[in-house]
Amino acid sequence: MNEMELKLTGILLAVFGLISIAAMILTIVDKVRAKNHEWRVPENTLLLVAAFGGAAAMLVTMLIIRHKTQHRKFMGGLPILLFFQVVLVLWCNFRFGLF
């Protein structure tokens, strides 16, 4: 791996990490606000963050804090998003050798 590929890999991992942290925070904030009957994080926002790389973190967080576990949109959609994200990472690895 040359220097440019190493930098790109580091940037992609940092972005993925930040999106994952954002997914966890948004999920926890939504759970707390739901308990307090306050304004909620829109479901589309949660799904958008999951689609951009936060599916794994959001799914694990939801299962741990038992939030939206009865919603098919999340318990079915997040594993599908996660599957496609894993496929994308594997494809990038084989195609470009980034990871």
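With rounding to the nearest 0.5 angstrom, the CZ atom of Arg95 is 13.0 Å from the CG atom of Asn93. Considering OG1 of Thr69 and CG of Leu59, their distance stands at 10.5 Å, rounded to 0.5 Å. Atoms CG and CE, from Leu81 and Met58 in turn, are 9.5 Å apart once rounded to the nearest 0.5 Å. Considering CG of Leu63 and CG of Leu78, their distance stands at 9.0 Å, rounded to 0.5 Å.
Between Met75 and Met62 the shortest side-chain heavy-atom distance falls below 4.5 Å. The side-chain heavy atoms of Phe74 and Leu47, taken from C-beta on, include a pair separated by under 4.5 Å.
Criterion: ILVMFWY side-chain heavy atoms under 4.5 Å apart, direct or through other members. Under it, Phe83 and Ile80 are part of a common hydrophobic cluster.
Asn2 places a side-chain N or O within 3.5 Å of a backbone atom of Met4 that can act as its donor or acceptor partner. Panel note: side chain Gln85, backbone Ala50; a donor-acceptor pair is recorded below 3.5 Å.
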Side-chain polar contacts of residues 13-33 - donor-acceptor pairs under 3.5 angstrom, sequence neighbours left out - could you list them?
unit_1 : atom_1 : unit_2 : atom_2 : d
Ser20  : OG     : Phe16  : O      : 3.0
Thr27  : OG1    : Ala23  : O      : 2.7
Asp30  : OD1    : Arg40  : NE     : 2.9
Asp30  : OD1    : Val41  : N      : 3.0
Asp30  : OD2    : Arg40  : NH2    : 3.1
Asp30  : OD2    : His67  : NE2    : 2.6
Lys31  : NZ     : Ile65  : O      : 3.2
Lys31  : NZ     : Arg66  : O      : 3.2

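Closest approach of Pro79 to Gly76, counting heavy atoms only: CD-O, 3.4 Å.
Applying the salt bridge (charged side-chain N to carboxylate O under 4.0 Å, His left out) test to Lys7 and every residue at least two apart in sequence or in another chain returns Glu3. Applying the ring-ring contact (aromatic ring centres under 6.0 Å, His included) test to Trp39 and every residue at least two apart in sequence or in another chain returns nothing.
Around atom CD of Gln70, no more than 12 heavy atoms belonging to other residues, nucleotides or ligands sit under 6.0 Å away.
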